[in-house]
**Q** 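Below you will find the structure I want to go over with you.
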Amino acid sequence: MTSVILFLTIISQLGLLQGAVDYPDYKDHKCTRTCEDGGEIMTCIYNFTLEYYYTLSKACYDCPRNITDCKRPHCITADGVPRSVVVVNRMLPGPGIHVCENDMIVVNVKNQLETNEGTTIHWHGIYQKGSQWMDGVPMLTQCPIPTHSTFQYRFKAANAGTHFWHAHAGVQRADGIFGHLVVRQPPSREVHFSLYDKDLVEHAVMVNDWLNQLTIDRFAEHHHSDGDNKPRLMIINGKAAFKNFTYDDEPGQIYRTSQEIFYVEPNKRYRFRVVSNGILNCPLQVSVDDHPMIVIASDGKPFDPIVVDSFNIFAGERYDFILETNKTIGNYWFRVRGLADCGADQKRGQALAIVRYTGSLEEAPAGATDYDSSARGGRLLNPWNEAGTESKIPVSELTAMVPDDDSLKEKPDKKFYLAFDFNPIDNFHFHHPDLYPMLSIVKEKHLYSPQINGISNMLPHAPPLTQFDDIPEDMFCNTDTIQKNCREEFCQCVHRLQVDLNDTVEIIMLDEGVTFNANHPTHLHGHSFRVVAIGKLNTTTSLEEVKALDEGGFIKRKLSKAVSKDSVTVPDGGYTVIRFYADNPGVWFFHCHIEFHVEIGMGLIIQVGSKDQMPRKPKGFPTCGNFEYSGLEEEKEEDTLECPESSSISLGNERYTLCGILTFVVLFFFDGYD
Ligand SMILES: *[C@@H]1O[C@H](CO)[C@@H](O)[C@H](O)[C@H]1NC(C)=O
Ligand SMILES: *[C@@H]1O[C@H](CO)[C@@H](O)[C@H](O)[C@H]1NC(C)=O
Ligand SMILES: *[C@@H]1O[C@H](CO)[C@@H](O)[C@H](O)[C@H]1NC(C)=O
Ligand SMILES: *[C@@H]1O[C@H](CO)[C@@H](O)[C@H](O)[C@H]1NC(C)=O
Ligand SMILES: *[C@@H]1O[C@H](CO)[C@@H](O)[C@H](O)[C@H]1NC(C)=O
Ligand SMILES: *[C@@H]1O[C@H](CO)[C@@H](O)[C@H](O)[C@H]1NC(C)=O
Ligand SMILES: [Cu+2]
């Protein structure tokens, strides 16, 4: 017996047993703790293993007939519909990272994707000042992490708030590579500390629309044929009770996978932290039956509390609210209702979770569960494509609780107009100009290209942040440099805006709104920005109209206490004006957070500072790029040059060059220790 234990100890120390079981959920991670004034700063290490996986896998045994089985480790239920997923540590969402301000976060990302895809992880909301190469945008800030290899992310949790992490490569984010990232503050640093009693890990809420198949299947069908881009439901913390399961031996009995339950005690004030990992164009209306919400922060930045009945959250945004549990002890629906491409004219998608008071029965809440019943009336924060009113409050009207800074000075140093829309252009990725141009096929198969100023962004073959000199200058373009007429010809390049370090930058984003009633939730990496104006003009608008309004002084900016965020939507037929202070040198992605839009070019990069102002990357940082075998001729020449003719020998009909063989052996040997 002792020798068996000894033997096992030895092999586990050698690491031979670990690989098989290493999918930690980090629910008891030592860094998940109450943040105290003067508390210790910690280094928080996580191992992420990325894999293709499956919902309702063999790990689920008899789920959902036996609901206890659904809670087994590695059992991912999602909405109950079996499908392939891409996940971290066999969880959905992946492991939550909960740390205190200024902790050091270290994540070893191991790419085990069987498809040999590259990957990266973006820490959405962390500015990465001083660790720019950890931002996780493939081909901008780093090379994609190849399969079978591990990349170590290491950065300080320097800015507090409700954030999240997600894959930034391909559409992996839409298939399950996402999780919470919450950076809490000690009481003296948290301005809203006195407003709530509890700020629990389990009250971090991740909401997103969810497909019933791998996103790349839907992507290909939508872009190359007539497949839709309309999800039918959402998941809350990876769960929804959607599919009905029946069994022959229990006729009439329906089983479903579980929905999320938030447990609360009566007469307490709870801080909820809601994150949207929205994938397609599905803004989400969030509400809790019978309870008002006191919204206190967005994207990690506090503002004067605002009491509403519901708020909308767009892809990439976060909202923190306080729920006071002063109602009758019972169960209440926590509702997430889809709008736009998930809305009333589409598949009417929603998701429900339960807020359960201690002392209430384990039963479903009383309220009706149909889509229309989830349309909460009353006061709404962050309306979708509607002008602001007394009861529909745009985020530009919030009052920031972070001090005013240089971003709010009267006159910005740089100003850009960015016109978003879907353009009817023969985008040669989806419309062959001779074989199937837009004009020759049925309307359902037209691909309207989501573009900014008529340009489709593409990624270079190497990341400019860490391999600046490998990108030829003529790969970059923007409205000022492009030579073509992009209304007639398809324009594609590495779309880049350049600003100087310490510039105050103003960006006037507008959505011309000609093709669809859409909107574009836009996210800036590396900085927060102030939202100084939002306006909905009409069903459509144009760059010229917005410019004229602006020049006429009709776009009023809020230059004092404007809300600070890093993600905001641009209303269809309207504008959103943001300001940021460019104090973080680097190459930062600025993009629509709708997966199908950014994936085919609705984004651009903002280069802050010149090449020599960029931070120095860590020693040995991986590189990548094109390879062309230009050395073949030279090598041949070298081989033959040094080879005396006399060393050729004949064996039967073949002639061998002894010298060539020797060279080969030497090269091979040399390879061994290079
Ligand atoms: C990460 O994995 C390594 C082995 O690959 C192990 O030694 C280490 O303890 C793990 N760390 C955590 C935090 O899980
Ligand atoms: C349900 O599953 C649990 C383990 O997940 C098991 O302990 C229990 O016996 C099962 N119940 C039934 C009725 O099979
Ligand atoms: C599941 O069954 C309920 C009736 O119990 C029905 O209202 C619902 O539409 C069904 N859901 C699906 C996805 O078929
Ligand atoms: C319950 O809480 C809400 C939100 O904080 C508050 O407006 C309301 O006055 C409270 N009701 C009672 C009866 O205390
Ligand atoms: C930018 O501002 C920082 C902080 O105020 C200052 O240290 C730095 O020298 C400035 N750099 C440039 C290029 O203006
Ligand atoms: C809104 O658009 C319609 C149709 O293009 C136009 O007739 C109307 O004048 C516009 N309204 C405003 C306020 O610009
Ligand atoms: Cu978009």
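All of these numbers come straight from a predicted model, not from anything done at the bench.
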**Q** Whether the side chain of N312 engages the backbone of P283 through a donor-acceptor N/O pair (distance < 3.5 Å, no angle test) should be reported.
**A** no

**Q** Please check if the side chain of N584 supplies one atom and the backbone of G526 the other of a donor-acceptor pair under 3.5 Å.
**A**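 Present.
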
**Q** Side chains of Y319 and N382 only: does a donor on one sit below 3.5 Å from an acceptor on the other?
**A**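 Present: a donor and an acceptor within the cut-off.
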
**Q** Please walk me through it: do H29 and H98 pass ring-ring contact (aromatic ring centres under 6.0 Å, His included)?
**A** CA-CA 9 Å; H29 198 286; H98 293 263; over 10 Å; no

**Q** Is there a side-chain contact between T569 and T576 (heavy atoms, below 4.5 Å)?
**A** no

**Q** If you draw a 6.0 Å radius around NZ in K30, do more than 12 non-hydrogen atoms from other residues or ligands fall strictly inside?
**A**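 Enclosed.
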
**Q** Between the side chains of R273 and D199, is the shortest nitrogen-to-carboxylate-oxygen separation below 4.0 Å, so that they form an ion pair?
**A**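 Looking at R273 together with D199, the answer is yes, because their closest N to O distance falls below 4.0 Å.
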
**Q** Would V577 and I507 satisfy side-chain contact (heavy atoms from CB on, under 4.5 Å), going step by step from the backbone distance to the final call?
**A** CA-CA 6 Å; V577 184; I507 301 182; over 6 Å; no

**Q** Checking D209 side chain against I279 main chain: does a donor-acceptor pair fall under 3.5 Å?
**A**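 Between the backbone of I279 and the side chain of D209 there is a qualifying donor-acceptor contact (under 3.5 Å).
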
**Q** Decide, yes or no, whether a salt bridge links R379 with E390 under the criterion of side-chain N to carboxylate O below 4.0 Å.
**A** no

**Q** Does the pair D405/K409 count as a salt bridge with the N-to-O cut at 4.0 Å?
**A** no

**Q** Who are the disulfide (SG to SG under 2.5 Å) partners of C592, not counting sequence neighbours?
**A**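 Here no residue qualifies.
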
**Q** Between E260 and K239, does a salt bridge (charged side-chain N to carboxylate O under 4.0 Å, His left out) hold up when you go through it step by step?
**A** CA-CA 6 Å; E260 181 71 330; K239 301 189 212 57; 2.7 Å; yes

**Q** Step by step, would you call Y263 with Y357 a ring-ring contact (aromatic ring centres under 6.0 Å, His included)?
**A** CA-CA 6 Å; Y263 293 93; Y357 281 50; over 10 Å; no

**Q** Looking at every non-hydrogen atom in both residues, tell me the closest pair between N267 and N326 and how far apart they are.
**A**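 The pair with the smallest heavy-atom distance is OD1-CA, 3.6 Å.
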
**Q** Please round to the nearest 0.5 Å and tell me the distance separating atom OH of Y23 and atom CZ of R90.
**A** 3.5 Å

**Q** I'd like to check the side-chain contact (heavy atoms from CB on, under 4.5 Å) partners of S131; sequence neighbours left out, ordered by chain and number.
**A** Q128, M134, F155

**Q** So, Q132 and Y127: side-chain donor and acceptor under 3.5 Å apart, yes or no?
**A**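 The criterion, which ignores hydrogens and geometry beyond distance, is not satisfied for Y127 and Q132.
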
**Q** Would you call the rings of H291 and Y332 parallel, tilted or perpendicular if under 30° counts as parallel and over 60° as perpendicular?
**A**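 Aromatic pair H291/Y332 classed perpendicular.
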
**Q** Under a 3.5 Å threshold, yes or no: a donor from one side chain and an acceptor from the other, between R271 and Y196?
**A**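 A donor-acceptor contact under 3.5 Å links the two side chains.
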
**Q** Work out which heavy atom in H163 is nearest to a heavy atom in V275; give both atom names and the distance.
**A** O-CG2, 3.9 Å

**Q** Is K27 atom NZ crowded by more than 12 heavy atoms from other residues, nucleotides or ligands, each under 6.0 Å away?
**A** no

**Q** ring-ring contact (aromatic ring centres under 6.0 Å, His included) with F589: which of H168, H495, H527?
**A** H168

**Q** Taking the six-membered ring where the residue is Trp, are the ring centres of Y581 and F529 under 6.0 Å apart?
**A** no

**Q** For K414, look at atom NZ and say whether over 12 heavy atoms of other residues, nucleotides or ligands are found less than 6.0 Å away.
**A**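 Yes.
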
**Q** Can you tell me if S528 and D566 form a side-chain donor-acceptor pair at under 3.5 Å?
**A** no

**Q** Do H591 and H525 meet the criterion of a side-chain donor-acceptor pair at a distance under 3.5 Å?
**A** yes

**Q** How far does CD1 of I594 sit from NE2 of H523, to the nearest 0.5 angstrom?
**A** 14.5 Å

**Q** Would you call the rings of F164 and H593 parallel, tilted or perpendicular, where under 30° means parallel and over 60° means perpendicular?
**A**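 Rings of F164 and H593: tilted, as their planes differ by 30° to 60°.
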
**Q** Check whether the side chains of D25 and N89 place a donor and an acceptor atom closer than 3.5 Å, and report yes or no.
**A** no

**Q** Does T325 reach the main-chain N or O of K268 with its side chain, forming a donor-acceptor pair under 3.5 Å?
**A**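 Pair found, side chain donor or acceptor close to backbone of K268.
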
**Q** Salt bridge between R173 and E595, side-chain N to carboxylate O under 4.0 Å?
**A** yes

**Q** Using side chain to side chain donor-acceptor pair (under 3.5 Å), reason through S374 and Q350 one step at a time and then give a plain yes or no.
**A** CA-CA 8 Å; S374 291; Q350 61 163 342; 2.7 Å; yes

**Q** In terms of relative ring orientation, are W123 and F48 parallel, tilted or perpendicular, with 30° and 60° separating the classes?
**A**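 Tilted, since the angle between the ring planes falls between 30° and 60°.
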
**Q** Quick one, D550 with K556, criterion salt bridge (charged side-chain N to carboxylate O under 4.0 Å, His left out). Give me CA distance, side-chain angles, the key distance, then yes/no.
**A** CA-CA 8 Å; D550 195 20; K556 292 268 177 295; over 6 Å; no

**Q** Quick one: does any side-chain atom of Y26 pair with a main-chain N or O of N47 as donor and acceptor, under 3.5 Å?
**A**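 Yes; judged by distance alone, with no hydrogens or angles, the pair exists.
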
**Q** Start with the C-alpha distance between F596 and L280, add both sets of side-chain angles, then the distance that settles side-chain contact (heavy atoms from CB on, under 4.5 Å), and finish with yes or no.
**A** CA-CA 7 Å; F596 284 10; L280 294 170; 3.5 Å; yes

**Q** Taking only Lys NZ, Arg NE, NH1 and NH2, and the carboxylate oxygens of Asp or Glu, determine whether K536 and E386 approach each other closer than 4.0 Å.
**A** no

**Q** Please report the closest heavy-atom contact between G136 and T120, naming both atoms and the distance.
**A**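 For G136 and T120, the tightest heavy-atom pair comes out as O-OG1, 2.8 Å.
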
**Q** Identify the heavy atoms of D175 and W210 that sit nearest to each other, and give their distance.
**A**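 Shortest heavy-atom separation between D175 and W210 comes out as O-CH2, 3.9 Å.
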
**Q** Counting neighbours of CG on D37 that are heavy atoms of other residues, nucleotides or ligands and sit closer than 6.0 Å, is the number greater than 12?
**A** yes

**Q** Work out which heavy atom in A240 is nearest to a heavy atom in M234; give both atom names and the distance.
**A** CB-O, 3.6 Å

**Q** With under 30° as parallel and over 60° as perpendicular, where do the rings of Y270 and H203 fit, or are they tilted in between?
**A**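 Perpendicular: the ring planes of Y270 and H203 meet at over 60°.
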
**Q** Search all heavy atoms of S407 against all heavy atoms of R530 and return the closest pair with its distance.
**A** OG-CG, 3.4 Å

**Q** Apply the test salt bridge (charged side-chain N to carboxylate O under 4.0 Å, His left out) to residues E506 and R557: give CA-CA distance (whole Å), side-chain angles for both, the deciding distance (0.1 Å), then the verdict.
**A** CA-CA 11 Å; E506 180 171 277; R557 276 97 169 140; 2.5 Å; yes

**Q** Using the salt bridge (Lys or Arg N to Asp or Glu O under 4.0 Å) rule, collect all pairs that involve residues 286-311, keeping only residues at least two apart or in two chains.
**A** D289-R335, D299-R318, D299-K565, D309-R376

**Q** Which value, rounded to the nearest 0.5 Å, describes the distance between I452 atom CD1 and T522 atom OG1?
**A** 6.5 Å

**Q** Under a 4.0 Å threshold between the charged nitrogen and the carboxylate oxygen, would R33 count as salt-bridged to D103?
**A**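 Yes, this pair counts.
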
**Q** Are C282 and C342 close enough, and set up right, to give a disulfide (SG to SG under 2.5 Å), and what steps lead you there?
**A** CA-CA 5 Å; C282 298; C342 286; 2.0 Å; yes

**Q** Counting only N and O atoms by type, is there a donor-acceptor contact under 3.5 Å from the side chain of K110 to the main-chain atoms of T150?
**A**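 No; judged by distance alone, with no hydrogens or angles, the pair does not exist.
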
**Q** Is atom NZ of K558 surrounded by more than 12 heavy atoms (other residues, nucleotides or ligands) closer than 6.0 Å?
**A** yes

**Q** Checking D583 against K129 for the salt bridge (charged side-chain N to carboxylate O under 4.0 Å, His left out) test, could you report, in this order, the C-alpha distance in whole Å, the side-chain angles of both residues, the deciding distance, and whether it holds?
**A** CA-CA 9 Å; D583 61 353; K129 198 170 177 187; 3.4 Å; yes

**Q** Might you confirm whether atom CZ of F193 has over 12 heavy atoms from other residues, nucleotides or ligands at distances under 6.0 Å?
**A**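 No.
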
**Q** Verify whether one side chain among S567 and E317 offers a donor that lies under 3.5 Å from an acceptor in the other.
**A**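 The answer is no; no qualifying pair exists.
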
